[in-house]
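Take a look at the structure set out below.
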Amino acid sequence: MITDSVEKQDPDLFAALEGELDRQRNTLELIASENFTSRAVLEAAGTVLTNKYAEGYPGRRYYGGCDYVDQAENLARQRVRELFRCEYANVQPHSGSQANMGVYFTVLEPGDTMMGLDLAHGGHLTHGSPVNFSGKLYNVVSYGVARETGRVDFTEVRRLASKHRPKLIVCGGSAYPRFIEFEQFREVANDVGALLMADIAHPAGLVATGHHPTPWPYCDFVTSTTHKTLRGPRGGLILMEKDQENPWGVVAPKSGRVKRIGELLDGTVMPGIQGGPLMHIIAAKAVAFGEALKPAFREYCGQIVRNAAQLAESFLELGYQLVSGGTDTHLILMDLSDRDLSGKAAENALEEAGLTVNKNMVPFDQRSPLITSGIRIGTPAVTTRGMGTTEMHLIAELIHRILHDPENEATRQAVKGKVMELCRQFPLYRA
Ligand code: DSN
């Protein structure tokens with residue numbers, strides 16, 4: 001058996017790992033969907049639990065030797081249920097996409113109609129994009145935001161829902177800077193007899209700590225990732241406030257008992273779409289959920305929101321257009337369509353100066369998804385480093401200096417120097 005460290009055994013790969021650590025330490029991470037986990041989460045993710053096959057669920061696995069992984073999964077489930085104050089949790093989805101697939105495969109048949117927020121208006125690939133399984137399998141009716149407000153256009157949502165009678169409505173998205181309007185979506189869903197699923201992957205940490213409205217009792221299903229504002233390992237989960245007998249008459253084959261919806265979801269995730277769960281990641285989820293239950297995490301999430309509000313205010317003062325005019329959450333969508341600068345060019349210029357953001361479509365974008373007219377900026381990762389509103393004001397100015405003159409080498413070097421100063425002042429993963 002090879003017992004050497006990665007460093008000794010595999011210098012080529014080690015160089016990539018060291019390079020990435022160095023990049024994370026010495027740049028400002030402003031991608032809204034990224035964060036830095038604690039050392040404890042990293043440690044759990046790098047444990048021997050990666051060796052274990054555990055198809056099934058705690059207490060009913062298809063493999064022997066599952067006592068300890070059962071402990072880990074039970075801890076993850078108990079903690080996430082406490083965190084989100086709900087009755088049902090499945091922590092096995094490998095990603096947010098698979099969590100969404102888990103719900104869709106449980107409640108929809110191929111060809112059924114579903115509604116979701118258009119990707120170009122802030123939705124997610126899995127909310128019905130034609131290039132994604134969701135868009136290929138289902139009859140997708142996309143809704144958007146209103147041009148004047150940048151917020152979900154509920155007149156349009158209502159009109160589309162009553163015309164197309166979707167079986168499922170999905171709310172939430174990847175680049176929607178405002179609170180998800182759970183209650184308004186519920187009203188529409190009730191009017192047309194649809195189920196309602198919220199994808200809270202982005203604001204999950206804010207939801208858990210009361211910095212974003214709760215999806216309960218409005219949503220039938222909630223899905224999330226665990227690695228954004230929730231600051232856990234990369235992964236997904238599915239929640240329901242209450243579990244109950246399924247209304248579709250699905251019965252257990254032997255007993256004839258009507259199955260609970262949670263049993264159906266569990267069966268969809270495994271064996272429906274996944275095999276062996278990633279037990280090391282489930283253990284790391286348990287650690288992250290434990291951290292999120294502590295008062296310090298509530299304070300952290302409050303600071304994420306204050307930081308995003310400050311960034312938005314500074315950008316507005318500097319004359320930038322923000323989709324919806326600001327933010328309620330951890331993310332800002334800057335609209336550059338009034339400038340001679342694409343999202344792609346902005347992303348590249350900022351990266352050269354040590355500021356990492358991602359190009360993003362803005363609603364009614366005239367440019368292609370690979371070029372775009374916007375950039376998405378988020379505060380979870382810089383807030384994890386300990387930065388506050390003073391630093392956000394400075395970061396807005398640094399971004400402005402680059403966007404104002406993206407080709408200027410002297411400006412780029414000057415900004416890079418300031419970025420390095422900030423990184424030194426707020427160190428990450430200290431040796
Ligand atoms: N959820 C996307 C993001 O927000 O970056 C990735 O799928």
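Order of appearance sets the numbers: ligands from 1, and atoms from 1 within every ligand.
- Between Phe154 and Phe185, the two ring planes are perpendicular [angle over 60°; tilted spans 30° to 60°].
- Ring pair Phe133/Tyr104 is tilted by interplanar angle, where 30° to 60° counts as tilted.
- The atoms of ligand 1 that sit less than 4.0 Å from any heavy atom of His202 are 3 (C), 4 (O).
- When heavy-atom distances to ligand 1 are checked against a 4.0 Å cut-off, His227 has no atom that comes that close, whether in backbone or side chain.
- Using a 4.0 angstrom heavy-atom cutoff, Glu34 does not count as in contact with ligand 1.
- Figure legend: Arg231 and Phe297 shown without cation-pi pairing, the cationic atom not lying both under 6.0 angstrom from the six-membered ring centre and within 45 degrees of its axis.
- At the shortest separation from atom 7 (O) of ligand 1 among protein heavy atoms lies His124 NE2, 2.8 Å.
- The closest protein non-hydrogen atom to atom 1 (N) of ligand 1 is Ser174 OG, 3.1 Å.
- Of all atoms in ligand 1, listed by their number and element, those nearer than 4.0 Å to a heavy atom of Lys228 are 1 (N), 4 (O).
- Under the 6.0 Å cut-off for aromatic ring centres, His121 and Phe364 qualify, their centroids lying closer than that.
- Aromatic pair Tyr176/His202: ring centres not closer than 6.0 Å.
- Less than 6.0 angstrom separates the ring centroid of His212 from the ring centroid of Phe182.
- Within ligand 1, the atoms closer than 4.0 Å to a non-hydrogen atom of Ser33 are 3 (C), 4 (O), 5 (O), numbered from 1 in the order shown.
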